[in-house]
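These notes are about the structure you will find just below.
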Amino acid sequence: MSTFTIFLVLIIAVCFLLVLVIMVQNPKGGGLSSSFGGGGSQVVGGVKKTGDFLDKSTWTLAGLLIVLILASNVALKGSFSDAESKLLQGDDIEETVPEAVPEEVPAPATNTGSASDSL
């Protein structure tokens with residue numbers, strides 16, 4: 001398994017955790033939920049420590065996601081630096097020429113009958 005694949009799996013896991021943490025949080029502003037009558041259904045006076053933990057975990061996961069994306073970019077560029085393109089070197093390029101030029105294909109035969117014959 002390559003380094004890029006490991007980073008890709010970690011990025012997907014962090015994205016999944018980030019979505020879960022964001023979905024658990026209570027909205028702080030009115031937003032769309034209060035516009036549609038959902039403003040009164042929220043619990044008043046929630047636990048302060050849970051909100052702080054969710055805020056810190058959101059920022060931590062977002063920062064970790066950015067770091068993993070940058071690291072995967074470095075790992076991806078590093079895996080391609082070893083292989084040189086044959087087109088850039090120009091030594092190994094083979095020109096292919098067809099062995100025989102195909103003869104002209106005859107045109108299809110035309111129907112001499114009238115249009116009413118085909119109906």
Side-chain angles (χ1 to χ4, degrees):
M1 204 152 69
S2 68
T3 308
F4 179 73
T5 307
I6 294 171
F7 279 122
L8 189 62
V9 170
L10 289 174
I11 287 171
I12 292 171
V14 168
C15 286
F16 182 72
L17 289 173
L18 189 59
V19 167
L20 286 178
V21 168
I22 289 173
M23 295 299 287
V24 168
Q25 292 179 5
N26 287 329
K28 292 185 173 54
L32 289 175
S33 64
S34 64
S35 300
F36 295 112
S41 64
Q42 295 177 358
V43 177
V44 178
V47 180
K48 178 72 174 156
K49 296 290 182 186
T50 304
D52 289 342
F53 172 74
L54 291 175
D55 285 342
K56 288 180 183 179
S57 61
T58 302
W59 285 107
T60 303
L61 287 172
L64 182 63
L65 181 64
I66 291 172
V67 169
L68 285 174
I69 290 171
L70 292 174
S72 69
N73 189 20
V74 171
L76 184 63
K77 285 185 179 181
S79 65
F80 287 125
S81 66
D82 297 338
E84 289 291 327
S85 174
K86 290 183 179 180
L87 292 177
L88 293 177
Q89 293 174 355
D91 297 335
D92 298 332
I93 298 176
E94 296 178 8
E95 293 185 25
T96 57
V97 179
E99 293 178 11
V101 178
E103 296 179 16
E104 290 187 25
V105 178
T110 58
N111 189 0
T112 58
S114 65
S116 62
D117 291 341
S118 61
L119 295 175

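Note that the structure is predicted; figures quoted are calculated from it, not measured. Keep in mind that the numbers below use all heavy atoms, side chains included, and drop hydrogens, waters and symmetry copies.
The line from CG of Asp55 to OG1 of Thr60 is 10.5 Å long, rounded to the nearest 0.5 Å. Distance CG/Leu17 to CD1/Ile22: 11.0 Å, rounded to 0.5 Å. Considering CG of Asn73 and CZ of Phe4, their distance stands at 8.5 Å, rounded to 0.5 Å. Here OG of Ser2 is found 9.0 Å from CG of Leu76. Values are rounded to the nearest 0.5 Å. Here the CD1 atom belonging to Ile6 is positioned 12.0 Å from the CD1 atom belonging to Ile11, to the nearest 0.5 angstrom. Here the CZ atom belonging to Phe7 is positioned 14.0 Å from the CD1 atom belonging to Ile12, to the nearest 0.5 angstrom.
Both Val24 and Leu65 are assigned to one and the same hydrophobic cluster, defined by single-linkage of ILVMFWY side chains at heavy-atom distances under 4.5 Å. Residues Phe16 and Val19 are members of separate hydrophobic clusters, defined by side-chain heavy-atom contacts under 4.5 angstrom among Ile, Leu, Val, Met, Phe, Trp and Tyr. Neither Leu61 nor Val9 shares a network with the other; the hydrophobic side chains, linked directly or stepwise wherever heavy atoms of I, L, V, M, F, W or Y lie under 4.5 Å apart, form separate groups for each. Val74 and Ile66 fall into different hydrophobic clusters, defined by Ile, Leu, Val, Met, Phe, Trp and Tyr side-chain heavy atoms under 4.5 Å apart, directly or through other members. Trp59 and Leu68 fall into different hydrophobic clusters, where Ile, Leu, Val, Met, Phe, Trp and Tyr are joined by side-chain heavy atoms under 4.5 Å apart, directly or via other members.
Closest approach of Gln25 to Leu54, counting heavy atoms only: NE2-O, 3.1 Å. Residue Leu18 comes nearest to Ala62 through the heavy atom pair CD1-N, 4.1 Å, listed as atom of the first residue, atom of the second, then distance.
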request  = Quick one: do Leu8 and Ser72 satisfy side-chain contact (heavy atoms from CB on, under 4.5 Å)? Show the steps, please.
outcome  = CA-CA 7 Å; Leu8 189 62; Ser72 69; over 6 Å; no
